[in-house]
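Notes follow once the structure below has been shown.
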Amino acid sequence: MGLFRKYPDSDIIDGIRKQDSRILTYLYDAYYEVVRDHLMKNSGSEADVNDVLQETVVILYKQVTGEGFKLTTDLKGYFFGVARNLWNAQLRYRSRMTSLETDPAEADEADAFTDATLERIVTRAFALLRDDCQLVLHLFSEGHTYEDIARRMGLKGESYARRKKYLCKEALMEIIKTDPEYQDLGPL
């Protein structure tokens with residue numbers, strides 16, 4: 001089937017969820033050139049193209065099989081956006097690795113920018129958490145004990161408060177990871 005058959009986006013998403021090899025092959029065939037062109041124009045190699053395609057499919061699979069995935073644009077644009085973000089993050093990482101001899105003042109400015117960006121991302125993600133998660137994380141950050149948190153929130157006990165904090169922290173991290181600005185930061 002490959003390149004000559006056009007699948008609707010909904011069929012592709014279903015195929016990704018089912019790990020259908022025909023659909024995965026179609027993804028590579030259909031989107032290879034657009035990703036290759038972008039990478040080659042932006043300091044990439046053939047090996048980079050294959051790596052970015054592979055990683056994009058993995059990310060797309062995780063997103064599609066996760067809860068609440070809803071495609072709000074065409075799949076090709078979405079796929080290319082993920083691939084572009086991956087490549088931009090890779091370029092930023094490479095530039096950081098090659099610029100170890102940069103002026104420390106410049107590094108401090110970059111760190112300050114990254115810190116401010118991360119604070120903005122965390123604040124935005126925290127606001128998206130459920131109220132009970134916001135409360136448990138807020139109490140924990142203020143130094144309250146698990147016993148105190150359990151009592152204040154009406155939880156069964158200290159171990160339940162500990163588990164609740166863990167689950168809320170994980171939920172916060174998942175929201176942060178899906179933030180486009182966080183994805184643009186690349187590896188930290």
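In this chain, numbering begins with 1 at the start of the sequence shown.
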Shortest non-hydrogen contact from [X] to [Y]?
{"X": "L128", "Y": "Q134", "result": "N-NE2, 4.5 Å"}
{"X": "S43", "Y": "L91", "result": "CB-CD2, 4.3 Å"}
{"X": "V122", "Y": "L172", "result": "O-CD1, 4.4 Å"}
{"X": "I23", "Y": "I16", "result": "CG2-N, 4.1 Å"}
{"X": "I149", "Y": "A161", "result": "CG2-CB, 4.2 Å"}
{"X": "A150", "Y": "E158", "result": "CB-N, 4.2 Å"}

Quiz item: So, for Y160 and Y146, is the gap between ring centers shorter than 6.0 Å?
Solution: no

Same hydrophobic cluster for [X] and [Y], using side-chain heavy-atom links shorter than 4.5 Å among ILVMFWY?
{"X": "L86", "Y": "Y61", "value": "yes"}
{"X": "L118", "Y": "M173", "value": "yes"}
{"X": "L167", "Y": "L155", "value": "no"}
{"X": "M153", "Y": "L129", "value": "yes"}
{"X": "L53", "Y": "M40", "value": "no"}

Quiz item: Are the side chain of W87 and the backbone N or O of N42 linked by a donor-acceptor pair below 3.5 Å?
Solution: yes

Practice problem: For D51 and D48, indicate whether the former's side chain and the latter's backbone hold a donor-acceptor pair under 3.5 Å. | Solution: no

Exercise. Report yes if some heavy atom in the side chain of V34 is under 4.5 Å from a heavy atom in the side chain of K76; otherwise report no.
Key: yes

Self-check item: Y78 side chain reached by D9 side chain, heavy atoms, under 4.5 Å
Solution: no

Quiz item: More than 12 heavy atoms of other residues, nucleotides or ligands under 6.0 Å from OH of Y32: is that the case?
Solution: yes

Quiz item: Is R163 atom CZ crowded by more than 12 heavy atoms from other residues, nucleotides or ligands, each under 6.0 Å away?
Solution: no

With rounding to the nearest 0.5 angstrom, report the [atom1] to [atom2] distance, [X] to [Y].
{"X": "L71", "Y": "S10", "atom1": "CG", "atom2": "OG", "answer": "9.5 Å"}
{"X": "K164", "Y": "L135", "atom1": "NZ", "atom2": "CG", "answer": "9.5 Å"}
{"X": "K70", "Y": "T73", "atom1": "NZ", "atom2": "OG1", "answer": "13.5 Å"}
{"X": "Y182", "Y": "I176", "atom1": "OH", "atom2": "CD1", "answer": "7.5 Å"}
{"X": "T65", "Y": "Q19", "atom1": "OG1", "atom2": "CD", "answer": "8.5 Å"}
{"X": "T56", "Y": "R84", "atom1": "OG1", "atom2": "CZ", "answer": "11.0 Å"}

Assess whether a salt bridge exists between [X] and [Y], defined as any Lys/Arg side-chain N lying under 4.0 Å from an Asp/Glu carboxylate O.
{"X": "R152", "Y": "D148", "value": "yes"}
{"X": "D20", "Y": "R22", "value": "yes"}
{"X": "E147", "Y": "R151", "value": "no"}

Practice problem: Test F140 against V136 for side-chain contact (heavy atoms from CB on, under 4.5 Å), laying out the working first. | Solution: CA-CA 6 Å; F140 182 78; V136 74; 5.7 Å; no

Practice problem: Any chance you could lay out the side-chain contact (heavy atoms from CB on, under 4.5 Å) test for L60 and V57, step after step, and finish with the verdict? | Solution: CA-CA 5 Å; L60 186 61; V57 170; 5.6 Å; no

Quiz item: Mind checking whether F79 and Y31 have parallel, tilted or perpendicular rings, split at 30° and 60°?
Solution: tilted

Practice problem: Could you go through the side-chain contact (heavy atoms from CB on, under 4.5 Å) check for L139 and K165 one step at a time? | Solution: CA-CA 10 Å; L139 291 171; K165 192 266 307 183; over 6 Å; no

